[in-house]
Amino acid sequence: MSFENLTAVSSDSILGLAQAFRRDPAPEKIDLTVGIYRDDDGQTPVMHAVAEAERALLAAQTTKSYLPPIGLPGYRTRIRQLVLGELDAGLADRTGVLQTTGGCGALRIGAELFAVAQPDKPVYLSDPTWGNHHGLMSGAGLGISTYPYFDLDGHTLTMDAMLDCLQRAPEQSLVVLQASCHNPTGADPDAEAWAAILDRIEQRAHLPFFDLAYQGLGAGLQQDALPVRMAAKRLGEFLVAVSCSKNFGLYRERAGALLMVAADAGQRRVLESRVKQIARGMYSMPPAHGALIVDRVLADTGLRNTWRRELAVMSQRLAVLRTGLARALAERRPDLDCSWIATGNGLFLQLGIDTGVVDRLRDKNHIYMVRDGRINVAGLNGHNLAVFADALAPRLP
Ligand code: LMR
C-alpha cells in the first residue's frame, strides 16, 4: 500500500464552511462565507459583457490548440495596461507577464520564482490575511512570517507596528501586500500610508508582491491599483498577482496573471524564461477560455464600457450594503460606534467577534461566516440584512 501512512486533513477553512452551508436544510440560512459577488437575489450572474464576448468567441473559434506557455499575447498586454495604466516604453519593456490559472496560480508561481532566487529569505504576510496565502507560500518552500496589519478591537490599521516590522525584517524579504479590498478586513492603507510602506520596502530592499484580486470592486479601477502604480514609479522590481475571478465574474475559468517588473529588459526576459519553466513543471499551459473573454472585453470599446458599468454597479452595491449594515447595527446597539463598518472596501469585513459567537450564529441562526469573524458583504441583501443584524447585534462585544 502506498498511501497507508496518510490520514485525511480537514477541509479548507473557507471552502469547508461553504460545503457545510450547502448541507444545512434550514430555509432561513444565510451564506456569508466564500468571497463571491452576489446580487440582491443571492445570485452570481454572468456579466453581460462576458456573455456577449463568449457568444462572439464561440462564433469565431477555429481551434482548441494550445496557447503559448506564457499565455495569450493580447490578454497579457491588456492585463498589464489594466493594472499599471498607460506605460512608458521603458516600463513596458521591463514588465513581464505570465498568464496564470487564476490569482492563486500567480501567487504560487511568484512564490516559486522567489524561492529559486532567494531560498533563504522569508515571506511576510499581513496579520490577519486570507488563509490560503499561507498554503500558497509554504507550498513553494518559503518560511512564513507576519507583519501586524489590523487591530480587531479598535477596527483600525496598525500602521506604526507594520512599518516597524518591515524595518526589522531581514533585508530582501518577500512582502505580500494586498493592493486593495483587503481580505479579510476590508481595510486599506491610504496614499500616505502606502508611501510610508514603500519607503520601508525600498530602504530594506524587500521585494513587494502585490495581490490584486479585487481591482474595481473597491474605490474604482484606478484607485484599487494605486499602490502598484506608486511602486511602478519608484521601485526597480516587484511582482503582482492579478485575478479576473471577481472583477469579471470568471471564478471557474481561472483567468489570472503574474506581472514581473524587473530591473531592465534583459532581466525581464530571464524572469519570463524562469516562470515558463516553473509553470511547465506544474501544468504546462494555461487554460484559454477565461483569458480569451477578458481579452475580448478589454479590446472592444463597447464591451469594455459595458463591463466598467457593470463593475461600478457591483462596487456601489457593496458600499450600500456596508452603510446599510452599519445603520442597522447602530439602531440595535446605540451604545456602540458602528461607523467603521461603512468605511471598508470590497467584499469583506471582519466583525471582531470570537469563534464562539461565530459558531453560535451558525448553530442557532444558520448564519455562516468564516470562523475568524469575516463576512462576505455581498451575501447580504434586502431579504436577509435585518435578520442578520437582529442575530448579530446582541452578540457584538
Ligand atoms: C475568499 O477569500 O473567500 C475567496 O478568495 C475564495 C477563496 O478561494 O477562498
Side-chain angles (χ1 to χ4, degrees), residues 9-22 29-39 42-44 100-111 125-140 144 146 149-150 152 176-188 209-218 224 240-258 287 290 311 314-315 317-318 321-322 344-351 355 358 361-362 367-381:
V9 294
S10 49
S11 307
D12 174 87
S13 58
I14 298 175
L15 305 182
L17 275 162
Q19 209 175 355
F21 173 83
R22 282 195 289 275
K29 63 185 179 176
I30 299 177
D31 182 6
L32 306 177
T33 60
V34 186
I36 297 173
Y37 177 80
R38 295 180 199 280
D39 63 18
Q43 301 303 315
T44 304
T100 58
T101 50
C104 282
L107 284 163
R108 178 59 184 268
I109 291 188
L125 302 174
S126 67
D127 178 21
T129 194
W130 176 50
N132 202 30
H133 275 151
H134 287 265
L136 288 164
M137 296 295 132
S138 61
I144 294 181
T146 58
Y149 184 80
F150 191 72
L152 265 179
V176 175
L177 299 161
Q178 296 189 42
S180 46
C181 308
H182 184 268
N183 182 359
T185 65
D188 296 326
F209 193 173
F210 293 100
D211 186 359
L212 183 59
Y214 310 100
Q215 191 183 0
L217 277 180
D224 290 345
V240 192
V242 184
S243 170
C244 301
S245 296
K246 274 87 176 176
N247 54 2
F248 286 85
L250 285 171
Y251 306 86
R252 62 177 62 174
E253 305 295 359
R254 313 311 295 140
L258 175 67
L311 189 56
M314 288 159 69
S315 69
R317 179 178 137 70
L318 293 173
L321 285 170
R322 280 177 190 281
N345 274 323
L347 287 171
F348 304 114
L349 79 85
Q350 205 169 14
L351 293 165
T355 49
V358 172
L361 283 167
R362 187 187 60 235
I367 294 171
Y368 288 71
M369 67 181 74
V370 183
R371 292 193 80 226
D372 62 5
R374 185 198 85 171
I375 64 165
N376 171 20
V377 176
L380 297 172
N381 55 49

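Order of appearance sets the numbers: ligands from 1, and atoms from 1 within every ligand.
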Do side-chain atoms of Asp39 reach the backbone of Gln43 as a donor and acceptor pair under 3.5 angstrom? yes
Using side-chain contact (heavy atoms from CB on, under 4.5 Å) as the criterion, list what pairs up with Asn381, not counting sequence neighbours. Asp40, Arg317, His383, Asn384
Could I get the full list of side-chain contact (heavy atoms from CB on, under 4.5 Å) partners for Tyr251, not counting sequence neighbours? Ile36, Tyr37, Thr44, Ser245, Lys246
So if I only count non-hydrogen atoms and take anything under 4.0 Å from ligand 1, which residues does that give, chain by chain? Ile14, Val34, Gly35, Trp130, Asn183, Tyr214, Lys246, Phe348, Arg374
Would you please say whether a donor-acceptor pair under 3.5 Å links the side chains of Gln215 and Ser180? no
Under the side chain to side chain donor-acceptor pair (under 3.5 Å) rule, collect the residues that match up with Asp211, sequence neighbours excluded. His133
Any salt bridge linking Asp31 with Arg38? Criterion: basic side-chain nitrogen under 4.0 Å from a carboxylate oxygen. yes
